[in-house]
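Reviewing the structure listed below.
These values consider heavy atoms only, across backbone and side chains, with no hydrogens, waters or symmetry-generated copies. Owing to the predicted nature of the structure, the values given are computational and were not obtained by experimental measurement. Chain A is the first sequence line, chain B the second, and so forth, proteins listed ahead of strands; every chain is numbered from 1.
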Amino acid sequence: MEFALNEEQQVFQRSTQQFLKSKGDLEIPREYSEGKEEVLDDLWIGLAELGYMGITVSESYGGLGMGPLTLVPILEEMGRAVIPGPYIETVAFAAPLIEKYGSAEQKEKYLEQLASGNRKFTVALLEGNGELSPTNINVLATQKDNEYVLDGEKILVSHADFADTLIVPVRTGNNEQDISLLIVDCDSSTLQMEKQISMDESRKMIKVSFNEVAVPKLQLLGDENTGWEILQDGIQGLNTAWCSNMVGGLDRIVEIATEYANTREQFGQPIGRFQAVKHKIVEMKMNLETARSLAYYAAWALENNTEDVVEAIAMARSLITESFIQSASDNIQVHGGMGFTWEFDCHLFLKRAKSLENYLGSPEDYREQVVSELVGNKESLILER
Amino acid sequence: MEFALNEEQQVFQRSTQQFLKSKGDLEIPREYSEGKEEVLDDLWIGLAELGYMGITVSESYGGLGMGPLTLVPILEEMGRAVIPGPYIETVAFAAPLIEKYGSAEQKEKYLEQLASGNRKFTVALLEGNGELSPTNINVLATQKDNEYVLDGEKILVSHADFADTLIVPVRTGNNEQDISLLIVDCDSSTLQMEKQISMDESRKMIKVSFNEVAVPKLQLLGDENTGWEILQDGIQGLNTAWCSNMVGGLDRIVEIATEYANTREQFGQPIGRFQAVKHKIVEMKMNLETARSLAYYAAWALENNTEDVVEAIAMARSLITESFIQSASDNIQVHGGMGFTWEFDCHLFLKRAKSLENYLGSPEDYREQVVSELVGNKESLILER
Amino acid sequence: MDFYYTTEEEKFRDELRQWLVDNLPEGWIEGKREIPQDNEGQSKFFRDWQRKLFDGGWSGISWPEEYGGRGATLIEEVIYEQEMARVQAPPQINVIGVAMVGPTLLQIGTEEQRERYVNKILNGEEIWCQGYSEPNSGSDLAALQTSAVKKGDKWIINGQKIWTSMAHLADRCFLLARTENTGKKHEGITAFLVDMHQEGVETRPIRSIDDQHIFNEVFLNDAVAYEADIVGEVNKGWKVSLTLLSHERTGVARQIFQLNQVFDELVEMASTLKKNGRPLIEDPIVRQNIGRLRAKSKGLLLNYYRNLTNSIRNGYPGPEGSMDKLGASELGQEIYSYALSLQGSVNTLWKENAAVTAEWQYEYLRSRAYTIEGGTSEIQRNIIAERILGLPKDIKY
Amino acid sequence: MDFYYTTEEEKFRDELRQWLVDNLPEGWIEGKREIPQDNEGQSKFFRDWQRKLFDGGWSGISWPEEYGGRGATLIEEVIYEQEMARVQAPPQINVIGVAMVGPTLLQIGTEEQRERYVNKILNGEEIWCQGYSEPNSGSDLAALQTSAVKKGDKWIINGQKIWTSMAHLADRCFLLARTENTGKKHEGITAFLVDMHQEGVETRPIRSIDDQHIFNEVFLNDAVAYEADIVGEVNKGWKVSLTLLSHERTGVARQIFQLNQVFDELVEMASTLKKNGRPLIEDPIVRQNIGRLRAKSKGLLLNYYRNLTNSIRNGYPGPEGSMDKLGASELGQEIYSYALSLQGSVNTLWKENAAVTAEWQYEYLRSRAYTIEGGTSEIQRNIIAERILGLPKDIKY
């Protein structure tokens with residue numbers, strides 16, 4: 001029984017923090033959203049140098065061969081600084097899926113490059129109204145000789161402009177779940193990209209249009225028409241990663257609010273002396289620690305592929321998303337008028353939080369999933385052995 | 001535009017308060033629940049003397065011929081003292097239904113007696129698991145000559161031991177809504193009564209068993225098989241009345257909490273100086289005033305039979321029930337340990353509040369009703385003319 | 001108890017409603033509500049609207065007729081706010097002048113001040129802002145440090161104001177400054193009418209989280225005011241500031257009316273947007289939330305009417321306004337936040353990429369300020385606790 | 001990061017589990033958990049259980065072996081609480097003696113005190129209560145006014161204690177009294193071991209809102225203690241009381257484990273009860289609430305394990321226990337309140353008329369005390385703010 005980061009993970013935490021501080025900390029998302037997109041390149045090079053791009057890539061391809069738990073401290077730190085870029089999509093989605101479902105050729109082609117920072121992935125998942133469901137995947141992949149020809153449009157593809165490779169669920173049949181995953185190299189294709197303006201400018205959202213885009217059949221990830229199932233696997237990774245990222249945001253919010261409450265004076269007192277402010281920050285702290293526990297557990301469950309992994313991730317996701325929004329809002333309140341300024345950092349967290357609210361499903365959806373899992377499988381894994 | 005009690009209603013409020021004070025105020029429910037049931041008789045005589053039993057009875061039968069709005073101040077005061085007895089069932093349910101649907105004979109037989117305090121009604125509505133739905137009304141009324149013969153069991157009949165007349169929805173046919181209302185005189189029937197122990201001892205709950213109880217057909221209120229519809233009408237009256245009653249409870253809670261917070265000292269200060277306590281009472285006050293506004297409006301809508309009356313009552317009911325429970329709980333917290341004692345009055349309100357939570361439907365049910373009404377009828381009656 | 005208006009009140013409403021139909025920019029009522037985004041265009045747009053209101057007799061309706069108002073009753077003011085909310089009329093750029101500075105000058109200004117300022121307030125020729133908050137005096141307003149020192153016939157003003165709405169478009173400022181340090185912070189404050197177009201006044205925009213510029217910092221660097229610019233007595237400015245605030249009779253009303261409208265739009269949106277092929281409004285969980293918000297919105301509105309009734313009966317508004325303010329600001333946040341929740345994963349796309357209309361996103365962010373501006377929720381709770389419930393004051397530290 | 005136990009820990013669990021199967025009253029594990037309601041019967045029942053625990057070596061497991069304990073590790077204590085929660089074992093009547101007074105005496109008691117008391121604590125021969133709270137010192141514990149004055153070799157104690165659990169069944173009391181008035185309230189307090197069976201001690205029951213009698217008032221009217229009954233030094237009792245509290249290592253653990261079990265029972269209930277002919281658990285709104293409670297319960301449990309890990313690493317428990325306490329008490333209230341909500345209109349029928357089992361109603365009412373006893377939620381929040389976050393202390397008025 002040991003429920004905490006181990007020493008190695010603590011080292012990752014410290015070195016990520018140092019690295020991000022050296023790169024500007026919260027200035028990174030600010031500069032990025034003001035148009036200095038080169039900060040992303042710079043960041044990526046640094047992450048690769050630290051070996052962080054290869055954490056989930058097996059050692060034979062130059063990675064560290066680690067799992068979701070190792071990502072936890074790194075992602076928390078990234079969340080603390082509202083870092084832009086498709087790190088999660090690359091290391092917590094693309095890498096594990098290619099490791100697990102990729103062909104030998106695909107592994108050869110992508111994993112080493114990914115680990116060295118020379119392949120940046122993102123996932124082109126959503127369409128239409130942004131709902132995540134098999135019927136909402138309608139980018140059509142028509143077979144033609146040894147190729148699929150893609151037609152259609154994906155939305156909210158984060159950092160598609162920065163990534164060079166997309167993982168794209170496409171429709172390959174008429175049955176609801178006739179969906180396949182394709183790995184699409186941006187450089188070898190003619191994709192149309194259009195920015196979608198989002199409140200959270202640290203996650204650049206792109207609409208990607210496929211207009212008769214030919215993709216070799218070799219680029220199929222897993223078997224044809226099994227894409228939806230594989231996707232579920234990938235979504236577990238994405239959600240777990242985002243949970244830790246949000247925990248980082250929560251952590252930073254509590255830190256910022258506490259600091260402000262200790263220094264800002266009104267009525268001759270630091271405002272943190274007033275219980276209305278003091279206890280509000282305590283609520284934020286309570287939510288933070290519960291969020292962190294659930295995020296740790298989700299990562300542990302995913303790494304160990306426990307029986308309750310789906311429930312563990314759904315619990316974490318539903319609670320953390322809501323806590324993040326709530327605390328980000330409360331943080332603005334603690335800061336008073338200054339919290340409402342663009343100049344202060346408070347809004348970065350609120351916008352990030354709100355933009356993740358329904359990403360891959362709403363808190364309601366995930367609570368529903370918790371109960372579905374629960375009613376089927378009521379064994380408590382951790383209370384008793 | 002005048003949204004407040006008028007002078008007459010204020011007079012009712014003051015005189016009810018004086019009367020209840022003279023009878024012991026919060027000692028009334030205490031004595032009653034300790035077995036001194038005669039306090040109820042005494043109370044009833046007093047209410048009749050004040051003319052309060054006849055408020056909703058027309059003048060030709062010795063009443064005041066007033067509507068739900070006039071009851072508002074009286075019910076608030078009763079709620080403030082957690083008064084026992086079937087006042088609401090008698091004046092806000094039985095009287096209006098008999099006025100509206102009763103035969104000439106029924107009016108003659110009951111209304112004058114009701115107004116003079118010599119007829120006490122209650123409603124024997126629920127069965128089985130306590131759910132309110134037509135399919136859950138299964139006390140069977142079999143026709144036999146000029147009589148119905150009743151078999152079955154009603155639960156949660158409040159104060160059935162004190163009342164002398166029951167209004168009983170019974171099943172008179174096989175279709176779901178083949179329900180009829182009967183007026184059952186307790187003295188002329190052989191009903192079996194058994195107390196059901198409830199946390200809220202100020203509302204005595206009785207299980208009433210009908211074992212081949214014969215009731216003359218003349219006792220049918222309204223037409224046969226129209227009982228469910230009539231009942232809906234009656235439930236509007238019950239709910240509106242309970243809303244004002246609960247508002248009274250909320251009002252008293254805020255008063256009690258404020259008083260305690262002003263006098264109880266810890267750390268050398270009245271605890272009401274600590275924002276954690278102070279702002280908690282403010283929340284209670286905010287909820288109280290919203291509750292009161294909604295209760296006023298519900299009564300006004302019912303009295304004027306406005307288009308939005310169903311929505312108005314459902315809104316009030318859903319919000320007030322929850323506010324009452326919340327504030328009653330918070331009041332205990334404000335009182336600390338003393339609030340947890342039987343000796344202090346705090347628990348009287350909590351128990352009353354919780355026992356009303358799902359009575360005639362849960363807050364969820366009423367919110368659902370709000371939306372049903374809303375989506376059908378979106379005209380705003382009060383924003384514009 | 002009734003919610004009816006008198007025939008005269010109805011006539012008043014009809015007249016205003018007709019005037020709005022005739023005078024709002026074309027397409028406005030139908031929903032084509034575009035306001036220029038650049039400073040100059042915006043300034044012109046707002047000034048034009050202010051002028052139209054004035055010409056139509058719809059600016060400062062509660063002002064006495066001799067000064068160009070209608071001597072409107074409180075109920076008429078409420079009807080005015082209802083109708084303005086109904087058509088989502090553009091804001092009055094000179095709201096501070098019309099609603100507060102003008103009435104204050106009429107009440108306690110000098111004859112010269114009335115002549116010099118009042119008419120130009122009403123017709124929008126001179127736009128006013130309000131110089132109260134400072135970086136170190138937000139909730140603790142009386143702690144203000146901007147100083148005014150008498151030098152000959154001039155008062156030399158130094159210091160900094162913040163959160164000054166519309167300062168970048170304003171011609172004059174109703175400004176509080178400290179003219180004496182007695183050690184008691186409510187004493188020694190004086191109210192000045194300050195020219196914004198002078199060298200010693202510099203305005204810097206505050207960019208707010210909704211990417212808008214409404215608020216400003218105002219730097220006073222040897223700014224000058226004259227004896228004639230003092231309102232009330234020297235060192236008695238705190239009382240003047242309270243007089244000014246007391247003229248804010250229907251400030252929260254429009255917000256409450258608007259919220260009830262926004263609620264209707266929320267229902268509309270929930271009826272249109274779909275999830276799993278079904279309109280959101282058919283989802284039982286959505287219905288619970290909508291039902292809850294409905295009861296709260298209506299409760300808020302009814303509370304307002306109840307407080308209004310009291311104000312009319314008593315002849316003056318009570319501290320219950322704090323309850324309206326607290327309730328409206330928190331409910332507003334809740335409604336806008338939920339509106340975004342309903343929009344699914346595209347909920348933070350905004351500006352030209354908004355999923356429904358960008359108003360939802362703008363106002364979601366804007367709503368974060370509701371519970372801060374005009375007295376934070378924490379301050380409102382203290383007022384309610386102390387002035388309505390009679391609970392102990394926070395210790396004066 | 002792992003949730004596994006060592007082979008030894010598993011062995012420990014197996015042993016306890018088997019012992020419970022063998023020793024709990026018949027039918028207990030299957031759910032027939034009846035405790036006599038009358039004072040005497042209850043006292044006997046609890047004392048018998050205490051004795052059984054002792055005989056089995058399951059009382060005071062963290063005590064050193066030489067004093068009859070097992071020298072259990074913190075993890076073993078946690079497993080102990082898990083297993084006790086799992087079978088919903090009867091409470092240890094002498095929990096104050098075993099968990100707190102005994103270890104305190106072992107740590108700082110005199111040789112005589114150890115000899116005189118310790119064994120009888122463990123075997124349940126002498127039941128202890130704790131005399132801390134007073135009518136005017138609840139949250140402000142150090143404001144206690146009960147006085148002890150030295151007269152010859154006796155200390156004469158006068159005053160009143162309140163909220164003394166089990167005082168009506170107790171033989172001795174670990175009592176704090178003021179022995180000097182220095183003006184500083186944390187000074188001048190002394191800890192006494194007081195005989196409850198003397199003339200000067202009168203116990204009056206407090207009937208609580210759940211119609212139970214656990215708490216008492218204790219009136220001290222020239223009650224007597226002797227020099228030998230003083231723990232630690234005279235006037236240094238505040239420190240002694242903190243020592244005592246520090247032995248409460250796993251207090252909140254059982255509550256957290258129990259809550260997770262109660263949650264399972266809630267789900268069970270929601271699967272059984274029906275509305276409109278459908279099990280409640282199929283209602284989407286119910287599912288949302290259950291899902292929310294699930295995440296909170298599990299989060300609470302996981303937080304506990306995380307804090308436990310820290311305690312083990314650091315060798316001592318940190319202030320995070322306040323977070324466990326705050327979380328557990330508020331979640332407990334929420335779960336029980338919701339359990340009643342689910343029961344429909346019969347939700348407040350209780351005792352023999354309860355719709356499901358009366359436990360739900362009893363514990364619903366009982367849960368109101370969770371956020372008051374052992375430090376109110378308001379006090380916990382202050383502790384978290386000040387000791388964990390480093391926010392300013394409330395002004396010492």
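- Note that NE2 of A:His279 is 10.5 Å distant from CD of D:Gln380, once rounded to the nearest 0.5 Å.
- Atom CD of D:Glu330 has more than 12 neighbouring heavy atoms from other residues, nucleotides or ligands inside a 6.0 Å radius.
- To the nearest 0.5 angstrom, D:Ile75 atom CD1 is 9.5 Å from A:Glu2 atom CD.
- In the displayed structure, A:Gln10 atom CD is contacted under 6.0 Å by more than 12 heavy atoms of other residues, nucleotides or ligands.
- How far NZ of D:Lys298 is from CG of A:Leu374: 8.5 Å, rounded to the nearest 0.5 Å.
- In this structure, the side chains of A:Arg367 and D:Arg292 come closer than 4.5 Å at one or more pairs of heavy atoms.
- Within the 4.5 angstrom heavy-atom criterion, atoms from both the backbone and the side chain of A:Tyr296 approach chain D.
- Contact check for A:Phe3 versus D:Leu308: no side-chain heavy atoms found under the 4.5 Å cut-off.
- Residues D:Gly390 and A:Asn262 approach most closely at O-ND2, 3.2 Å, considering heavy atoms.
- At least one side-chain heavy atom of D:Asp394 sits under 4.5 Å from a side-chain heavy atom of A:Gln275.
- The number of heavy-atom neighbours closer than 6.0 Å to CD of A:Gln232, taken from other residues, nucleotides and ligands shown, is above 12.
- Of the atoms belonging to D:Phe263, it is side-chain heavy atoms, and not backbone ones, that fall under 4.5 Å from chain A.
- Under the 4.5 Å side-chain criterion, counting only non-hydrogen atoms from C-beta, A:Thr290 is not in contact with D:Lys296.
- Note that CD1 of D:Ile290 and CD of A:Glu368 are 11.5 Å apart. Values are rounded to the nearest 0.5 Å.
- Proximity of a side-chain donor or acceptor of A:Lys278 to a complementary backbone N or O of D:Asn382 within less than 3.5 Å is not detected.
- Contact annotation for A:Ile281: both backbone and side-chain heavy atoms come within less than 4.5 Å of a heavy atom of chain D.
- For the residue pair A:Ala4 and D:Thr309, the shortest heavy atom distance occurs at CB-CG2, 3.8 Å.
- Enclosure of atom CD in A:Glu255 by more than 12 non-hydrogen atoms of other residues, nucleotides or ligands within 6.0 angstrom is indicated.
- Looking only at side-chain heavy atoms (C-beta outward), D:Met1 and A:Leu5 come within less than 4.5 Å of each other.
- Between A:Met286 and D:Ile384, the closest side-chain pair of non-hydrogen atoms falls below 4.5 Å.
- Of the two parts of A:Leu294, the backbone and the side chain both hold a non-hydrogen atom closer than 4.5 Å to a non-hydrogen atom of chain D.
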Handout entry: Test log, rule side-chain contact (heavy atoms from CB on, under 4.5 Å), inputs A:Glu311 and D:Arg294
Key = CA-CA 10 Å; A:Glu311 190 209 350; D:Arg294 170 66 170 172; 2.4 Å; yes
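- Between D:Arg306 and A:Arg292 there is a side-chain heavy-atom pair separated by less than 4.5 Å.
- Within the 3.5 Å criterion, the main-chain N or O of D:Gln288 finds no donor-acceptor partner in the side chain of A:Glu364.
- Aromatic ring orientation, A:Tyr297 versus D:Phe3: perpendicular (interplanar angle above 60°, classes split at 30° and 60°).
- Proximity to chain D is limited to the side chain of A:Val370, based on heavy atoms less than 4.5 angstrom apart.
- Neither the backbone nor the side chain of A:Glu259 comes within contact range of chain D, judged by heavy atoms closer than 4.5 Å.
- Between chain D and the residues A:Thr258, A:Leu69, A:Asn304, A:Val254, the most heavy-atom pairs under 4.5 angstrom are made by A:Thr258.
- Neither the backbone nor the side chain of D:Ile79 comes within less than 4.5 Å of any heavy atom of chain A.
- Interatomic distance, CZ of A:Phe274 versus CG of D:Leu391, reported as 13.0 Å (0.5 Å rounding).
- Residues D:Leu389 and A:Lys285 approach most closely at CD2-CD, 3.8 Å, considering heavy atoms.
- In terms of non-hydrogen atom pairs under 4.5 Å with chain D, the most contact-rich of A:Ser293, A:Ala312, A:Ser318, A:Ala299 is A:Ser293.
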